[in-house]
Amino acid sequence: MSFSIAFSQALEIASYVGIKSKEEHYEYLSIEKISEKLNIPVPSIKRISSLLKKNGILSSKPGIYGGLRLAKPASKITFYDILVTIEGTSQLFKVHKDFNVDVFQDQNKVKSWLQESSGVLNKAENAMLDVLKNTNLEEINKKSS
């Protein structure tokens, strides 16, 4: 199980844009500059930023003084927002539903085990999502300063 590299790149892009805009008072940062500083190819930044713009995390402006900026304050952008933007909302753990319990003597015990193990996986996924929902870009940017 793993998320695509685009998820971590999206986190890096959004954080970098937020930090640099604040530090150096840029309104917009060029894609080329972001690519150079983060070592992410321009086509990847364009693809990722398109998704981030579509979901209200980044905004852009064309032209020589254009580029990317955060569409809202870093404190309002959670890791979860970026995860959903890049990876979607499908469940992390896919549970096999066509398990044949008829081949076991104690079918109730097997059914109970299946239910309990699914519960553990759901609990683990919910815990991770809670952490991502409760972590915003501003918090991370402050800790890394």
Side-chain angles (χ1 to χ4, degrees), residues 1-104 110-145:
M1 169 188 79
S2 68
F3 294 117
S4 69
I5 193 79
F7 173 52
S8 67
Q9 289 174 329
L11 288 169
E12 292 168 12
I13 292 165
S15 292
Y16 181 76
V17 168
I19 290 167
K20 285 311 221 183
S21 297
K22 198 172 193 176
E23 277 182 358
E24 299 179 22
H25 307 289
Y26 291 123
E27 190 164 358
Y28 291 91
L29 291 168
S30 77
I31 288 174
E32 291 76 17
K33 177 73 95 181
I34 297 167
S35 172
E36 176 186 313
K37 296 298 183 183
L38 297 180
N39 197 26
I40 299 172
V42 169
S44 295
I45 292 178
K46 286 181 178 181
R47 183 178 44 78
I48 292 166
S49 65
S50 173
L51 292 170
L52 294 172
K53 288 188 301 187
K54 190 160 90 170
N55 286 298
I57 294 169
L58 291 179
S59 62
S60 65
K61 177 181 171 184
I64 193 158
Y65 297 108
L68 300 172
R69 73 173 183 181
L70 295 181
K72 53 189 171 185
S75 63
K76 302 288 184 197
I77 301 170
T78 67
F79 277 43
Y80 179 77
D81 297 331
I82 295 173
L83 173 73
V84 169
T85 296
I86 302 300
E87 303 293 342
T89 57
S90 61
Q91 275 190 295
L92 266 146
F93 300 108
K94 310 281 191 263
V95 178
H96 182 224
K97 301 284 187 188
D98 290 338
F99 195 86
N100 185 5
V101 295
D102 296 337
V103 298
F104 294 93
V110 173
K111 286 178 184 176
S112 176
W113 181 90
L114 290 169
Q115 186 175 3
E116 289 296 319
S117 63
S118 291
V120 168
L121 296 176
N122 287 334
K123 187 176 176 181
E125 182 173 341
N126 289 335
M128 183 195 77
L129 294 177
D130 285 344
V131 169
L132 296 176
K133 287 176 182 178
N134 291 304
T135 305
N136 65 55
L137 292 182
E138 185 175 64
E139 293 169 26
I140 299 301
N141 294 347
K142 282 182 182 177
K143 290 179 183 178
S144 62
S145 297

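As a basis for the values below, the full set of heavy atoms in this structure was taken, side chains included, without hydrogen atoms, waters or symmetry mates. Keep in mind it's a predicted model, so treat the numbers as computed, not measured.
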**Q.** Distance-only polar pair, side chains of Glu139 and Asn136, donor-acceptor under 3.5 Å
**A.** yes

Q) Counting N and O atoms only, with roles assigned by atom type, does the side chain of Thr135 sit under 3.5 Å from a partner on the main chain of Leu132, one being a donor and the other an acceptor? A) no

Q | Ser8 side-chain N/O to Ile5 backbone N/O, donor-acceptor pair under 3.5 Å | A | yes

Q. Side chain to side chain contact (heavy atoms under 4.5 Å, CB included) between Ile40 and Ile34: does it pass, once the steps are laid out?
A. CA-CA 8 Å; Ile40 299 172; Ile34 297 167; 5.9 Å; no

Q | More than 12 heavy atoms of other groups within 6.0 Å of Lys37 NZ | A | no

Q: Taking all non-hydrogen atoms of both residues into account, name the closest pair between Arg47 and Ala6 and its distance.
A: NH1-CB, 4.2 Å

Q. Is it the case that more than 12 heavy atoms not belonging to Asn39 sit under 6.0 Å from its CG atom?
A. no

**Q.** Evaluation steps, side chain to side chain contact (heavy atoms under 4.5 Å, CB included), between Ile82 and Ile57
**A.** CA-CA 8 Å; Ile82 295 173; Ile57 294 169; 3.9 Å; yes

Q: May I ask you to test the Glu116-Val120 pair for a side-chain heavy-atom distance under 4.5 Å?
A: no

Q. Between OG of Ser118 and CZ of Phe93, what distance do you get to the nearest 0.5 Å?
A. 11.0 Å

Q: Measure across Phe7 and Phe79 and return the closest heavy-atom pair with its distance rounded to 0.1 Å.
A: CE1-O, 3.8 Å

**Q.** Heavy-atom pair of closest approach, residues Thr78 and Lys133
**A.** CG2-O, 3.3 Å

Q: Take Leu70 and Leu58 through the test side chain to side chain contact (heavy atoms under 4.5 Å, CB included) and record every step on the way to the result.
A: CA-CA 4 Å; Leu70 295 181; Leu58 291 179; 3.8 Å; yes

Q: Report yes or no: does Ser35 contribute a side-chain atom to a donor-acceptor pair with the main-chain N or O of Ile31 at less than 3.5 Å?
A: no

**Q.** Approximate separation, where rounding is to 0.5 Å, of Ile140 CD1 and Glu138 CD
**A.** 11.0 Å

Q. What closest approach, in Å, do Ala71 and Gly56 show between heavy atoms, and which atom pair accounts for it?
A. CB-O, 3.3 Å

Q. Between atom CG of Leu68 and atom CD1 of Ile45, what is the distance when rounded to the nearest 0.5 Å?
A. 8.0 Å

Q. At what distance, to the nearest 0.5 angstrom, does CG of Leu52 lie from CD of Gln9?
A. 11.0 Å

**Q.** Donor-acceptor pair, side chain of Thr85 and main chain of Asp81, under 3.5 angstrom
**A.** yes

Q: To the nearest 0.5 angstrom, please state how far the CD1 atom of Ile77 sits from the CG atom of Asn55.
A: 11.5 Å

**Q.** Glu87 side chain vs Ser4 backbone, donor-acceptor pair below 3.5 Å
**A.** yes

Q) Rounded to the nearest 0.5 Å, how far does NZ of Lys20 lie from NZ of Lys33? A) 8.5 Å

Q) Counting only heavy atoms not in Lys94, do more than 12 fall under 6.0 Å of its NZ? A) yes

Q: Step by step, work out the side chain to side chain contact (heavy atoms under 4.5 Å, CB included) result for Gln91 and Asn122.
A: CA-CA 9 Å; Gln91 275 190 295; Asn122 287 334; 3.5 Å; yes

Q: With the side chain counted from C-beta on, respond yes when Leu83 and Leu129 share a heavy-atom pair under 4.5 Å apart, and no when they do not.
A: yes

